[in-house]
Amino acid sequence: GDHLYLPRGCRGPRGWGIGRGSRPVQSPGCLRPAPGARREGVELPASVEPHFARLDDAARAALQPVLWDDVVSEYDARFFSAHLRTLDWPLSERFWEVEAEWARDEERHFTQFARVTERLFPFDRAVLEKRCPDFGPLEELFGDEFAILCLGAYDELVTVQAYRKNLVYYDSLGLEMGRYARSVIADEAWHYARFLEILRSQHAQEMARAPEVVARIRRCEGISYAAT
């Protein structure tokens with residue numbers, strides 16, 4: 001069956017070097033989208049904000065690095081999109097359709113997590129604007145569309161795992177925030193399924209390459225994260 005190997009606790013290309021160890025995870029059939037299906041994104045309701053004032057100092061201290069990681073990783077997705085547009089060979093029309101959906105959701109996630117973070121902690125958006133990505137150490141992962149699709153699927157599936165692990169923090173902000181976090185997980189799972197769908201429909205003859213590509217992705221896990 002199809003599988004990807006996930007580093008525990010790692011956010012994939014948006015968090016290299018965090019994970020330790022790995023385990024095989026089956027590609028869950030429930031994540032395979034029906035042809036043409038599209039779930040609508042969920043916005044974080046204003047009703048979540050009264051919960052912020054109820055956090056004690058210890059809860060705030062635990063929550064701050066989690067939210068900052070979410071803000072940064074969702075923000076940095078724009079650099080991945082921009083890097084794709086520097087490649088000197090074409091990607092398929094279908095790839096760009098899925099990439100556009102992905103980029104739109106990543107930006108929406110950033111906006112909502114930034115909104116929560118700036119209500120709770122000192123937050124200077126200028127810090128984000130100064131971020132400078134370095135894709136140099138990862139260039140071997142951008143060799144062709146098949147490799148990029150594997151990279152995208154790997155990243156989304158690992159991100160699902162990371163968000164699930166952190167649900168206890170989101171739930172501490174109340175029921176609505178917990179629901180929103182679960183909608184973000186659903187978004188990330190959707191995009192994982194979309195990347196996998198293209199792999200199966202347009203690159204079926206290359207699927208035997210997947211273990212080697214995933215092995216290359218895993219070799220990059222120890223590289224310091226550089227807004228990629």
Side-chain angles (χ1 to χ4, degrees), residues 4 6 9-16 18 31 33 37-45 48 65-87 91-92 94-118 123 125-135 138 141-142 145 147-167 169-170 177 179-199 217 220 225-228:
L4 293 174
L6 307 184
C10 182
R11 291 296 293 268
R14 290 175 280 167
W16 296 119
I18 300 174
L31 298 185
R38 170 67 183 156
R39 13 130 243 89
E40 293 300 322
V42 175
E43 298 296 323
L44 183 64
V48 73
V66 173
L67 285 176
W68 179 247
D69 181 61
D70 294 337
V71 168
V72 167
S73 63
E74 300 291 349
Y75 180 88
D76 289 349
R78 68 194 62 200
F79 299 134
F80 184 84
S81 288
H83 186 69
L84 292 175
R85 286 160 175 79
T86 69
L87 301 176
L91 290 156
S92 68
R94 179 64 182 138
F95 176 91
W96 287 120
E97 290 173 359
V98 170
E99 189 274 343
E101 291 181 346
W102 171 82
R104 181 176 63 244
D105 279 348
E106 297 293 288
E107 180 64 23
R108 183 168 51 80
H109 298 161
F110 160 70
T111 299
Q112 299 300 327
F113 280 120
R115 173 186 153 196
V116 171
T117 301
E118 65 190 359
F123 182 72
R125 290 179 182 252
V127 173
L128 296 175
E129 294 169 2
K130 295 176 182 177
R131 294 178 68 76
C132 184
D134 179 12
F135 284 90
L138 305 178
L141 306 179
F142 291 85
E145 181 169 297
I148 293 172
L149 286 166
C150 287
L151 182 60
Y154 185 94
D155 180 50
E156 295 304 285
L157 194 52
V158 171
T159 302
V160 166
Q161 300 288 78
Y163 276 126
R164 283 177 176 166
K165 180 181 178 181
N166 288 331
L167 280 174
Y169 298 106
Y170 311 126
M177 185 65 194
R179 286 176 176 168
Y180 179 72
R182 287 164 175 82
S183 79
V184 172
I185 290 171
D187 288 341
E188 304 288 354
W190 169 265
H191 296 303
Y192 158 76
R194 298 301 264 182
F195 288 130
L196 193 60
E197 178 188 49
I198 303 176
L199 282 166
I217 294 171
C220 292
Y225 182 54
T228 56

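R182 meets the side-chain contact (heavy atoms from CB on, under 4.5 Å) test with L167, D171; sequence neighbours excluded. Taking the side-chain contact (heavy atoms from CB on, under 4.5 Å) definition, one finds that R85 meets it with S81, W96, E99, sequence neighbours left out.
Under 4.0 Å is where a charged nitrogen must lie from a carboxylate oxygen, and between E118 and R125 at least one such pair does. Residues E107 and R78 are paired through a salt bridge, judged by an N-O separation under 4.0 Å between the basic side chain and the carboxylate. Salt bridge annotation for E197-R194: present, with a cationic side-chain nitrogen under 4.0 angstrom from a carboxylate oxygen.
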_Pair F95, L84 - check side chain to side chain contact (heavy atoms under 4.5 Å, CB included), show working._
CA-CA 11 Å; F95 176 91; L84 292 175; 3.9 Å; yes

*Can you list the steps and then say if V116 with Y180 is a side chain to side chain contact (heavy atoms under 4.5 Å, CB included)?*
CA-CA 11 Å; V116 171; Y180 179 72; over 6 Å; no

*Could you walk me through whether V158 and Y192 pass the side chain to side chain contact (heavy atoms under 4.5 Å, CB included) check?*
CA-CA 9 Å; V158 171; Y192 158 76; over 6 Å; no

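Contact check for E106 versus F80: no side-chain heavy atoms found under the 4.5 Å cut-off. V184 places a side-chain heavy atom less than 4.5 Å from the side chain of F113. A heavy-atom distance below 4.5 Å is found between the side chains of L87 and F142. Inter-residue side-chain proximity for L138 and H83 is flagged as unmet; no heavy-atom pair is nearer than 4.5 Å.
Rounding to the nearest 0.5 Å gives a distance of 6.0 Å between CD of Q161 and CG of L157. Atoms CZ and OG, from R108 and S183 in turn, are 6.5 Å apart once rounded to the nearest 0.5 Å. Note that OG1 of T159 is 12.0 Å distant from CG of D187, once rounded to the nearest 0.5 Å. L141 contributes atom CG, which lies 5.5 Å from atom CG of L151 (distance to the nearest 0.5 angstrom). Taking CG of D155 as the reference point, atom CD1 of I148 lies at 13.0 Å (rounded to 0.5 Å). For the atom pair OH (Y75) and CH2 (W68), the distance works out to 9.5 Å, reported to the nearest 0.5 Å.
Atom CZ of F110 is surrounded by more than 12 heavy atoms from other residues, nucleotides or ligands within 6.0 Å.
With no hydrogens or angles considered, a side-chain donor-acceptor pair links D70 and Y170 at under 3.5 Å.
A donor-acceptor pair under 3.5 Å links the side-chain atoms of E145 to the main chain of S92, judged by distance alone.
No option in E156, E97, H191 other than E156 meets the side-chain hydrogen bond (donor to acceptor under 3.5 Å, both in side chains) test with W102.
Considering every non-hydrogen atom in both A153 and F195, the closest pair reads N-CD1, 3.7 Å.
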